[in-house]
Amino acid sequence: AQKVTQAQTEISVVEKEDVTLDCVYETRDTTYYLFWYKQPPSGELVFLIRRNSFDEQNEISGRYSWNFQKSTSSFNFTITASQVVDSAVYFCALTGTGGSYIPTFGRGTSLIVHP
Amino acid sequence: DTAVSQTPKYLVTQMGNDKSIKCEQNLGHDTMYWYKQDSKKFLKIMFSYNNKELIINETVPNRFSPKSPDKAHLNLHINSLELGDSAVYFCASSHLNNEQYFGPGTRLTVT
């Protein structure tokens, strides 16, 4: 069975602070895909990044960066110099390839960035 | 052009009624999904269709029935609505195992 754990329910920071959102996953599949999605207060769900299990290279996109470590089954997300517009709920998700196509989402981390 | 659209955006109805939510995607994806998001923001997958075939059918009451007339559409019909069905329902689409693109959500309120 697959599982995604986002242990941080809510994080509160002040603008310009760096913040890391943790994501730990469990799967028996050797090939799998990891994702991060953002849900701002307006409610829509927005795709941020996809990583496959064979690609452990870290990714940077502007102020966003992702650290994928298979050894610890983690796929953490860091926002550098946070801004108020980063306030949202962030979901980590996993899809395996071992016959089940069920995407598994973590329970989300609510990030509040104060001005 | 809206990539994934859902109608209606808001749905207020009484217990016992039957209602439908429609979803359409113009991204050329082969897989579509329905999710339920509760008040605590927990996203629970309900159904998924790949090339019009049902591939995911999670434990949901059989009052919920999905219908996929073609690869671009996935509708959700709910019979005998209950108070506990109140939630936001999201439709999404993707190529199988790839990132999902979500519709704007339908906020269902059952009174």
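From a predicted model like this one, the values you see are computed outputs, not experimental measurements. Chain naming here is simple, since letters A, B, ... match the order of the sequence lines and numbering starts at 1 in each.
- Between Phe105(A) and Phe35(A), the distance from one ring center to the other does not fall under 6.0 angstrom.
- Within a 6.0 Å radius of CZ in Arg51(A), more than 12 heavy atoms belonging to other residues, nucleotides or ligands are found.
- Counting non-hydrogen atoms of other residues, nucleotides and ligands closer than 6.0 Å to NZ of Lys44(B) gives a total above 12.
- For chain A, the nearby parts of Gln100(B) are the backbone and the side chain; heavy atoms of each come within less than 4.5 Å.
- When heavy atoms are compared at a cutoff of 4.5 Å, Tyr32(A) does not approach chain B at all.
- The backbone N or O of Lys71(B) sits nowhere less than 3.5 Å from a side-chain atom of Asn51(B) that would complete a donor-acceptor pair.
- Heavy-atom distances place both the backbone and the side chain of Asn98(B) under 4.5 Å from chain A.
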